[in-house]
Amino acid sequence: MAYLIIEHLEKLGEWVLLEYKHASEWWGDKLIFTNVLPEERGELAKLGGVISQSVTEFPFDRSKMIILDPFAEEELKPEDIKEDTIIVVGGILGDFEFTGKTRKFITSRIEGAKARNIGKVQFSIDGSAIVAKLIAEGRRLEEIEYEEHPTIKLDEFSEITLHYAVPKLEGKLLLTPGLIELQKKELGYEEDISDDELIEFFEGKREL
């Protein structure tokens with residue numbers, strides 16, 4: 001199976017850590033974090049391999065590298081990925097539109113690597129990792145379902161809209177575990193709603 005590198009480019013806050021944990025659930029011991037500060041090493045070592053240097057500096061075989069870049073001309077295909085392929089994802093929190101950070105901080109600095117996109121929608125870090133894993137397992141991009149900008153109604157007056165797409169597998173949204181609880185905490189929302197209940201709401205199986 002291919003390897004996944006997450007080039008860590010954000011402060012290791014709660015939101016980023018939740019996404020990294022979810023990516024680790026999908027990639028296991030094939031996940032490597034690069035560009036990691038000494039004080040972050042212990043936390044990330046629980047989730048995968050850790051390298052202090054940037055992926056742009058570490059002497060990986062660049063002919064085996066595929067960078068997931070939204071501005072790449074070609075989309076990622078199963079036949080691009082071999083057993084020793086190294087897929088690189090930018091550890092960058094999304095914005096409301098593509099900002100070009102992957103190209104600026106990674107793609108432009110790694111000569112000899114391939115660049116591929118995973119569609120025209122923006123995924124989170126863990127969402128990108130999941131899409132890459134599904135393609136590595138043989139699915140084509142057009143076969144992967146997702147929901148763009150899903151909105152969760154918390155009560156009559158409150159709702160949360162995620163500003164990115166969330167992949168789906170067999171009709172089930174692959175939400176970042178714990179993310180909704182984190183957002184509710186940041187909003188000061190007290191009602192106790194579990195991830196499973198929120199997923200059932202997305203699927204139309206329950207009311208909140």
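All values below come from the heavy atoms of this structure, side chains included, with hydrogens, waters and symmetry mates left out.
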Using the six-membered ring of Tyr146, assess whether NZ or CZ of Lys168 lies under 6.0 Å from its centre and within 45 degrees of the ring axis.
-> no
Does any N or O in the side chain of Glu43 come within less than 3.5 Å of the main-chain N or O of Glu40, such that one atom is a donor and the other an acceptor?
-> no
Heavy atoms from other residues, nucleotides or ligands near NZ of Lys104 exceed 12 (cutoff 6.0 Å) | no
Is it the case that Asp69 and Thr102 place a side-chain donor and acceptor less than 3.5 Å from each other?
-> no
Could you tell me whether a side-chain N or O of Asn35 sits under 3.5 Å from a main-chain N or O of Gln53, the two making a donor and an acceptor?
-> no
For Phe105, what residues pass the ring pair (Phe, Tyr, Trp, His ring centres under 6.0 Å) criterion, not counting sequence neighbours?
-> none
Are Asp80 and Arg116 close enough for a salt bridge, meaning some N to O gap below 4.0 Å?
-> yes
Mind checking what makes side chain to side chain contact (heavy atoms under 4.5 Å, CB included) contact with Glu14, not counting sequence neighbours?
-> Leu182, Lys185
Under 3.5 Å: donor-acceptor pair, side chain of Ser108, backbone of Arg103 = yes
Identify whether Phe58 and Val88 are in the same connected component of the hydrophobic contact network (ILVMFWY, side-chain heavy atoms under 4.5 Å).
-> yes
Quick one: NZ on Lys133 to CG on Leu169, what's the gap to the nearest 0.5 Å?
-> 11.0 Å
Separation of Glu19 CD from Ile130 CD1 (nearest 0.5 Å) | 9.5 Å
Counting heavy atoms not belonging to Tyr3, are there more than 12 under 6.0 Å from its OH?
-> no
Residue Glu111 excluded, over 12 heavy atoms near CD under 6.0 Å = no
Just say parallel, tilted or perpendicular for the rings of Tyr164 and Trp15, cut-offs at 30° and 60°.
-> perpendicular
Nearest 0.5 Å, what's the CZ-NZ distance between Arg62 and Lys114?
-> 13.5 Å
